[in-house]
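Comments concern the structure below.
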Protein chains: 2
Amino acid sequence: MNYYIEILKASGLKATVQRLTILEVMSDSGHITIDGLYQQINQTHPTLSLATIYKNIVMMIEKKVVVEIPIVGSKSYYELKKQDHIHIICKECGDVRDKEIDPSWHTSSLADDTFSLSYMQINLYGTCLECQ
Amino acid sequence: MNYYIEILKASGLKATVQRLTILEVMSDSGHITIDGLYQQINQTHPTLSLATIYKNIVMMIEKKVVVEIPIVGSKSYYELKKQDHIHIICKECGDVRDKEIDPSWHTSSLADDTFSLSYMQINLYGTCLECQ
DNA sequence: ATCCTTGCAAATGATTTGCAAGAGT
DNA sequence: ACTCTTGCAAATCATTTGCAAGGAT
C-alpha cells in the first residue's frame with residue numbers, strides 16, 4: 001500500500017483512498033476492465049463512484065502509472081505499468097496472462113530506422129488449456 | 001470490384017452496393033475507423049447510413065472478411081483480412097502502416113504448448129518520420 | 001417469391017463533464 | 001489555507017435495435 005503512495009506522489013497525484021484502492025484491485029487481478037474494477041471495488045467501497053474510476057484511469061494513464069490493453073472484440077483491460085510483455089488472451093473465457101518477451105527477438109529491428117519506437121504491444125489470441 | 005462480390009458471396013452475404021462501397025473504401029485507406037469510413041463514404045453515397053456501416057462491420061468480422069485493430073487511446077481501426085502482420089502506429093498523426101512479420105521469429109514459441117493460438121496482433125507505437 | 005438488407009428513429013450503453021462538498025498536502 | 005479530488009446528476013457520444021420499405025438471389 002505504501003508503495004503506491006510513493007508512486008502517486010512521484011507522479012504529482014494526491015494519494016487518495018480511491019486511487020490506492022484502484023491500484024490495489026488492479027494489481028491483484030493483473031488485468032481488469034473498468035466494469036470489473038467497479039464491481040470489485042463496490043464490495044469494499046460502495047461509495048466509490050464509476051465517474052471517479054474513469055477520471056482516475058485517464059489521469060493515471062497520462063502519468064504513466066497505468067496502461068491500457070485494447071482487446072479485439074471486447075472492452076479494454078488495464079494494468080499497472082511494467083516492462084513490455086506479451087499478453088496471451090483466451091477468446092473463450094477472456095482470461096489474460098502475461099509472458100516475457102523472448103530476449104532473442106531483436107525488437108528494435110521490428111520497425112525501420114525512420115520510426116522512433118516508444119512501446120509495443122503483442123497480443124496472442126486463442127484458447128487456453130481449461131477451455132479447450 | 002468484382003473481386004469483393006465473390007468474397008461476399010463466398011461468405012454467405014449478399015453483394016449490396018453498401019457492402020461493396022465499405023470494402024472499397026477500406027481497401028483504399030488500408031486501415032480506417034468507423035467514423036472515417038462514414039465520412040469517406042458520405043461524399044459519394046450520402047444516403048448510406050451509419051447504422052448500416054455498424055451492422056455490416058459486425059457481420060463482416062463474423063464472416064472473417066474484415067478484422068478489427070484495437071488501438072491504445074483511440075477507437076479501433078478496421079482492415080480487410082489478410083496475413084498476420086505488424087502495425088506501426090504513429091501516436092502523433094495516427095497513421096498506421098503495415099510491416100511483414102520477420103520470418104526468423106518462431107511465433108509458435110511465443111505461447112506455450114498448452115495454449116492453442118489462433119491469431120496474433122503486434123502493434124508498435126511511436127513517432128513516424130514526418131512527425132519527428 | 002422469398003429472405004436479407006437498408007435507413008430511419010428510438011433505445012441503450014459507455015464515457016465525460018460541471019459543480020458543490022470534502023479530503024490531502 | 002489552498003488546491004485537488006470526489007460523487008452525484010446531467011450531458012454527450014458511441015453503438016445497437018425494431019421495423020417497414022426496398023433490393024438481391
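Proteins get letters first, then strands, A, B, ... in listed order; numbering begins at 1 in each.
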Could you state the atom-to-atom distance from [atom1] of [X] to [atom2] of [N] in whole Å?
X	N	atom1	atom2	result
Tyr54(B)	dA14(C)	OH	C1'	12 Å
Glu6(A)	dT25(C)	CD	C1'	14 Å
Met60(A)	dT5(D)	CE	P	11 Å
Glu62(B)	dT5(C)	CD	P	11 Å
Asp35(B)	dT15(D)	CG	P	7 Å
Leu20(A)	dT25(C)	CG	P	9 Å
Asn42(A)	dG7(D)	CG	C1'	13 Å
Met59(B)	dC3(C)	CE	C1'	12 Å

(message) Give me the atom names and distance for the closest heavy-atom approach of Ile71(A) to Pro70(B).
(response) C-CG, 3.6 Å
(request) Anything under 30° is parallel, anything over 60° is perpendicular, the rest tilted; go ahead and classify His31(B) against His87(B). (result) perpendicular
Does OP1 or OP2 of [N] have a side-chain N or O of [X] closer than 4.0 Å?
X	N	value
Ser49(A)	dT6(D)	no
Gln18(B)	dG23(D)	no
Thr16(B)	dT5(C)	no

(message) Are more than 12 heavy atoms, taken from residues, nucleotides or ligands other than Lys82(A), located less than 6.0 Å from that residue's NZ atom?
(response) yes
(request) Report the distance from atom SG of Cys90(A) to atom CD of Glu92(A), rounding to the nearest 0.5 Å. (result) 5.5 Å
(request) Calculate, to the nearest 0.5 Å, the distance between atoms CG and NZ belonging to Asp35(A) and Lys75(A) respectively. (result) 4.5 Å
(message) Looking at the base of dG22(D), is there any donor atom on it, or on the side chain of Lys14(B), that sits under 3.5 Å from an acceptor on the other one?
(response) no
(request) Just compare dG7(C), dA24(D), dA14(D) and give me whichever is closest to any side-chain atom of Thr47(B). (result) dG7(C)
(request) Taking only the side-chain heavy atoms of Ala51(B) (C-beta and beyond), determine which of dT17(D), dG7(D), dA14(D) contains the nearest atom. (result) dT17(D)
(request) Would you kindly compare Lys55(A) and Ile34(B) by the position of their nearest DNA chain D nucleotide and give the one closer to the 5′ end? (result) Lys55(A)
(request) Starting from the 5' end of DNA chain D, give me the residue, Lys9(B) or Val58(B), whose nearest nucleotide shows up first. (result) Val58(B)
